[in-house]
Amino acid sequence: MGVNFVISRPKTENIMMTNRTFTMIKPDAVANGHIGAILDMINAAGFRIVAMKLTQLSRHDAGQFYAVHSERPFFGELVEYMTSGPIVAAILEKDNAVADFRTLIGATNPAEAAEGTIRKRFATSIAANAVHGSDSDENAALEGAFHFSGREQFNY
Ligand code: IDP
Ligand code: MG
């Protein structure tokens with residue numbers, strides 16, 4: 001009566017999880033050779049990497065990803081910058097992931113970022129601020145799904 005062929009999938013897509021956030025290591029930090037140091041800080045803070053890739057945003061991608069900022073005066077600069085070179089996109093897992101990751105990265109403006117944060121250490125300006133971190137569980141799910149299929153997200 002036919003064959004039941006079932007692929008075991010690591011995760012169901014589009015389920016909002018409170019223990020996941022989405023990050024990008026931005027073009028300045030990649031170009032300056034800081035991928036390894038930033039991933040070390042992420043691991044040391046207790047986050048597990050459940051999806052990751054080196055990629056580059058097209059202007060269309062960046063416009064979509066940052067659509068919420070399209071009316072802001074810095075939008076053009078932001079799209080230019082975010083498309084200027086490769087980025088590392090990743091989904092991270094930890095209890096309270098969104099809030100804890102925002103604490104780890106520090107304030108948007110590196111001049112205001114706390115000591116010991118990723119932006120304090122690696123950001124070069126308010127635009128080139130080394131890393132992205134989702135601001136809510138809903139956006140974490142949307143941003144993760146923007147970059148990764150369900151099959152690219154792991155549980156381990
Ligand atoms: P966030 O990344 O800390 O959440 P947002 O306000 O969401 O900060 O802004 C998104 C990104 O836009 C920032 O990370 C930064 O790269 C860029 N950005 C924010 N404010 C400015 C600005 O005043 N000038 C230039 N770029 C900015
Ligand atoms: Mg934001």
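One-based numbering, in listed order, for ligands and for the atoms of each. Please read all numbers here as calculations on a predicted model, not as lab measurements.
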Heavy-atom closest contact ([X] atom, [Y] atom, distance):
X      : Y      : answer
Ser84  : Gln56  : C-NE2, 3.9 Å
Val98  : Asp137 : CG2-OD1, 3.4 Å
Ile118 : Met41  : CG1-CE, 3.7 Å
Pro27  : Gly85  : CG-O, 3.8 Å
Ala123 : Asp28  : CA-OD2, 4.5 Å

Report the nearest protein non-hydrogen atom to [atom]: residue, atom name, distance rounded to 0.1 Å.
atom                    : answer
atom 17 (C) of ligand 1 : Leu78 CD1, 3.7 Å
atom 10 (C) of ligand 1 : His69 NE2, 3.5 Å
atom 2 (O) of ligand 1  : Arg119 NH2, 3.0 Å
atom 16 (O) of ligand 1 : Ala127 O, 2.8 Å
atom 25 (C) of ligand 1 : Phe74 CB, 3.5 Å
atom 8 (O) of ligand 1  : Thr108 OG1, 3.3 Å
atom 15 (C) of ligand 1 : Ile126 O, 3.2 Å
atom 13 (C) of ligand 1 : Asn129 ND2, 3.6 Å

Passes salt bridge (charged side-chain N to carboxylate O under 4.0 Å, His left out), Arg59 versus Glu80? Steps please.
CA-CA 8 Å; Arg59 297 184 68 81; Glu80 276 307 309; 2.6 Å; yes
Has the side chain of Glu152 got a donor or acceptor atom that lies under 3.5 Å from a matching backbone atom of Ser149?
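Yes, because the side chain of Glu152 sits within donor-acceptor range (under 3.5 Å) of the backbone of Ser149.
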Between Ser58 and Asp61: side-chain donor-acceptor atoms closer than 3.5 Å
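Present: a donor and an acceptor within the cut-off.
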Test of proximity, Lys26 against ligand 1: N or O pairs below 3.5 Å:
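Yes, since at least one N or O of Lys26 sits under 3.5 Å from an N or O of ligand 1.
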May I ask you to decide if the ring planes of His34 and Phe122 are parallel, tilted or perpendicular, using 30° and 60° as cut-offs?
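Tilted, since the angle between the ring planes falls between 30° and 60°.
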Subset of ligand 1 atoms that lie under 4.0 Å from at least one heavy atom of Arg102
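Heavy-atom distances to Arg102 below 4.0 Å select 1 (P), 3 (O), 4 (O).
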Does [X] come within less than 4.0 Å of ligand 1, judged by its heavy atoms?
X      : value
Met24  : no
Asp135 : no
Glu77  : yes

